[in-house]
Amino acid sequence: MRPLSVDVVENIAGELDEAEVKAWDSLARYKFWMFGYWAAIWVHLNRAGQFRRPNPFLELVKFARARSATTTLSNIKAAA
């Protein structure tokens with residue numbers, strides 16, 4: 001794999017930042033599909049640009065996993 005040029009890396013970095021902003025904005029406006037779209041774009045650009053930036057959505061994922069573990073289908077049916 002050839003190394004990326006400086007211009008390409010700078011362009012990808014800008015797109016990466018924009019994808020993060022758009023993901024958070026989408027989530028804040030209850031646009032869950034668009035949040036998923038932009039979060040996936042962020043992950044793709046982070047890998048393509050070989051940035052190795054930490055995932056800005058990691059804490060949200062951890063929260064969802066913890067919530068999912070405590071909210072099972074059997075608990076929902078029992079509460080109904």
Side-chain angles (χ1 to χ4, degrees):
M1 177 184 238
R2 291 184 332 173
L4 300 173
S5 72
V6 174
D7 291 339
V8 171
V9 171
E10 288 175 358
N11 187 34
I12 293 173
E15 296 289 333
L16 186 68
D17 294 337
E18 183 180 2
E20 181 180 353
V21 168
K22 287 184 176 184
W24 287 119
D25 181 62
S26 296
L27 184 61
R29 294 184 297 129
Y30 283 82
K31 306 289 184 182
F32 300 113
W33 283 95
M34 289 308 296
F35 168 76
Y37 172 82
W38 288 112
I41 293 293
W42 186 93
V43 169
H44 174 73
L45 292 173
N46 193 39
R47 288 180 182 162
Q50 302 171 353
F51 294 109
R52 295 181 168 259
R53 288 188 190 177
N55 190 327
F57 313 112
L58 182 60
E59 291 300 317
L60 185 61
V61 171
K62 287 180 180 178
F63 174 79
R65 285 181 182 161
R67 182 68 185 232
S68 177
T70 61
T71 308
T72 63
L73 186 57
S74 60
N75 289 345
I76 293 171
K77 287 181 180 178

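These numbers were taken from a predicted model, which means no experiment stands behind them.
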For the student: nearest non-hydrogen atoms of Ala23 and Ala39, plus distance: CB-N, 3.9 Å
Minimum heavy-atom distance Arg52-Asn46, with the two atoms named: N-OD1, 3.5 Å
Heavy-atom neighbours of Arg67 CZ exceed 12 at 6.0 Å: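 No, because the 6.0 Å sphere around CZ of Arg67 holds 12 heavy atoms or fewer from other groups.
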Value rounded to 0.5 Å, distance of CD in Glu18 from CG in Asp25: 11.5 Å
CZ-CD1 distance between Arg47 and Ile12, expressed to the nearest 0.5 angstrom: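 Reported to 0.5 Å precision, the distance equals 14.5 Å.
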Side chains of Leu45 and Phe51 in contact at under 4.5 Å (non-hydrogen atoms):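 Heavy-atom side-chain distance check fails, nothing below 4.5 Å.
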Would you say [X] and [Y] are hydrophobically clustered, going by side-chain heavy atoms of ILVMFWY under 4.5 Å?
X: Leu16; Y: Val21; answer: no
X: Phe32; Y: Trp38; answer: yes
X: Leu27; Y: Trp33; answer: no
X: Trp42; Y: Val61; answer: no

Plane angle bin for Trp24 and Phe57 - parallel if under 30°, tilted between 30 and 60°, otherwise perpendicular: tilted
Centroid-centroid under 6.0 Å between Phe35 and Tyr37 rings: no
Short side-chain to backbone donor-acceptor contact, Ser26 and Lys22, under 3.5 Å: yes
